[in-house]
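The block underneath contains the structure these notes are about, expressed in structure tokens.
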Protein chains: 4
Amino acid sequence: MPRTTLHRVTIQFGDCDPAGIVFFPNFSRWMDAASLSFFLQCGLAPWRELVKTRGIVGTPLLEIHTKFLKAATYGEDIIVATHVDEWRPKTFTQVHRVTRARVEGGEDLICEGREIRAFVRRDADNPDRLRAMPVPDDIKALCE
Amino acid sequence: MPRTTLHRVTIQFGDCDPAGIVFFPNFSRWMDAASLSFFLQCGLAPWRELVKTRGIVGTPLLEIHTKFLKAATYGEDIIVATHVDEWRPKTFTQVHRVTRARVEGGEDLICEGREIRAFVRRDADNPDRLRAMPVPDDIKALCE
Amino acid sequence: MPRTTLHRVTIQFGDCDPAGIVFFPNFSRWMDAASLSFFLQCGLAPWRELVKTRGIVGTPLLEIHTKFLKAATYGEDIIVATHVDEWRPKTFTQVHRVTRARVEGGEDLICEGREIRAFVRRDADNPDRLRAMPVPDDIKALCE
Amino acid sequence: MPRTTLHRVTIQFGDCDPAGIVFFPNFSRWMDAASLSFFLQCGLAPWRELVKTRGIVGTPLLEIHTKFLKAATYGEDIIVATHVDEWRPKTFTQVHRVTRARVEGGEDLICEGREIRAFVRRDADNPDRLRAMPVPDDIKALCE
């Protein structure tokens, strides 16, 4: 069972659209926050430190596949449970399961996202360009 | 060749993150705008009219799969080209190709999203609940 | 001393702009969340209930005046302290003080916003139009 | 009459809240875009160029005072008209008037924002810290 971290969000009025439910790009926003929270909870320093010490700018997204099962609305608390499903030489797959926080009862799955991400650094010749780098072994070890 | 509509966006400073590139949930936001723009350009009335005349609340997302190929930053103009790839009885697949607007040269693809959406109405017994409805034939005809 | 409620926010990577600091409209977003949180913490039902029971759609903003004193960045926790500074017949002034959450030391004020808001209902003749209503006495009593 | 630039926005579904009107922090977002658009239309290079050539990181906001007069909803086009109302040694006041775009008829003012901003550079001793700098004379000349 891989290491799994939790990220809690209270849905706000302004996160919802005229249909009264969460405007879906906000789920991508919360999954992105959960992705970074995963690394911080595993013991990594924030990107603004890592860019200075190791040149790591962040873990931009290469691909995301999200399935929406139920709607959610403001005033509700949701929990994003995050783990890394697969490590490859230069990319990894991070999975986010978003459920409604509940005092009792079974899991109430709202949506699930599978992200392919890569650690990147700035290109030596062109600093405006970001390049994928091999997944650092020490970071991988922290996150398993 | 299915009907394809264009939706142009100028990327703003606030759309970008500390790495200087578009914060990716904004692409979902622009694809959602392009999805609605597609229907409006095909001749549909806005949802706030259709909810009154036909009970159609909108076309919420069931699934989205996006691949990110290149980064984009503020000051750049992008074009979202949208078409419906497949119509099924109760859902349809809408594809959004996001390219950099350029005066000349080949297409510069930034990302591509495949969305599965459904037309929904409010449940008769519980108006807080949204239900998928069959794709209306007249709407399908307008969009092909 | 008027009733004051607290609303805590962890600043996310995507809340920050290419300068690495919070993109300021997010402070407006957090103040709006704090405004609603104030009413919920004071005992009001959410708007989607109040619109059914009493016709109250919400408390849209008429005016906001925000002063920014310090920058904040992702990974930091901030606290929005909210109170109503003045009740008038049809409007009220809500003040939000945003400080950095700290274990010790004095208050670290990041920004402060003064909002003028009104309770609104839908116009009887034109439901698309929102109209200010007198501040309900029972709600005022809950919030003082 | 000071130089005034226009910035046009089409309001999207996701820009609106459960009350069906624009979630107000989006107006701050559009005013910020209009602020930068003003400088670009006046002939300035984007910040990512100016930070390299002149050390100018941007023009962060010190204060904003916005009055909301009318609501707006998705599908509507709005125009943000921007000018600098006052130049001081280290700050300037930028005014944004947001009106509904209309083919004919008088101006339909939705909201108006007055911003106090400053040009900033990174502190020589602590690059994480931003410092206000005197308004550059050549930039002021371009914008009048």
Side-chain angles (χ1 to χ4, degrees), chain A residues 5-23 25-41 43-52 56-61 64 71-77 80 82 96 115 117 120 122 127-128 130, chain C residues 5-23 25-41 43-52 56-61 64 71-77 80 82 96 115 117 120 122 127-128 130:
Chain A
T5 62
L6 303 182
H7 176 73
R8 192 182 185 107
V9 174
T10 300
I11 300 173
Q12 304 299 339
F13 183 79
D15 297 327
C16 298
D17 64 23
I21 59 176
V22 172
F23 182 55
N26 288 315
F27 285 115
S28 301
R29 187 161 63 83
W30 296 325
M31 287 181 190
D32 189 75
S35 173
L36 177 50
S37 176
F38 172 84
F39 290 114
L40 296 177
Q41 288 186 54
L44 262 72
W47 306 135
R48 70 175 160 271
E49 300 299 325
L50 288 181
V51 72
K52 292 175 191 165
I56 301 174
V57 173
T59 54
L61 199 60
I64 180 169
T73 189
Y74 64 96
E76 293 185 321
D77 279 355
V80 188
T82 299
H96 308 282
E115 298 180 332
R117 290 175 176 267
V120 298
R122 297 206 174 274
D128 281 344
L130 302 173
Chain C
T5 61
L6 304 182
H7 176 73
R8 193 181 185 108
V9 175
T10 300
I11 301 173
Q12 304 298 339
F13 183 79
D15 297 327
C16 298
D17 64 23
I21 59 176
V22 171
F23 182 55
N26 288 315
F27 285 115
S28 301
R29 187 161 63 82
W30 297 325
M31 287 181 190
D32 189 75
S35 173
L36 176 51
S37 177
F38 172 84
F39 289 113
L40 296 177
Q41 288 187 54
L44 263 73
W47 307 134
R48 70 174 160 271
E49 301 299 326
L50 288 180
V51 73
K52 291 175 192 166
I56 302 174
V57 173
T59 54
L61 199 60
I64 181 169
T73 189
Y74 64 97
E76 292 185 322
D77 279 356
V80 188
T82 299
H96 308 282
E115 298 179 332
R117 290 176 177 266
V120 298
R122 296 206 175 273
D128 281 344
L130 301 173

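Each chain gets a letter, A, B and so on, in the order its sequence line appears, and its residues count up from 1.
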Kindly write out the residues that satisfy side-chain hydrogen bond (donor to acceptor under 3.5 Å, both in side chains) with D17(C), not counting sequence neighbours, or none if the list is empty.
none

P60(C): side chain to side chain contact (heavy atoms under 4.5 Å, CB included) partners, not counting sequence neighbours:
V120(C)

To the nearest 0.5 Å, what is the distance between CG (D32(A)) and CG (D15(C))?
10.0 Å

Rounding to 0.5 Å, atoms OG (S35(C)) and CZ (F13(A)) come to a distance of 10.5 Å

To the nearest 0.5 Å, atom OG1 of T10(C) lies from atom CZ of R8(A) at 13.0 Å

Note, Y74(C) side chain near R48(A) side chain (heavy atom, < 4.5 Å):
yes

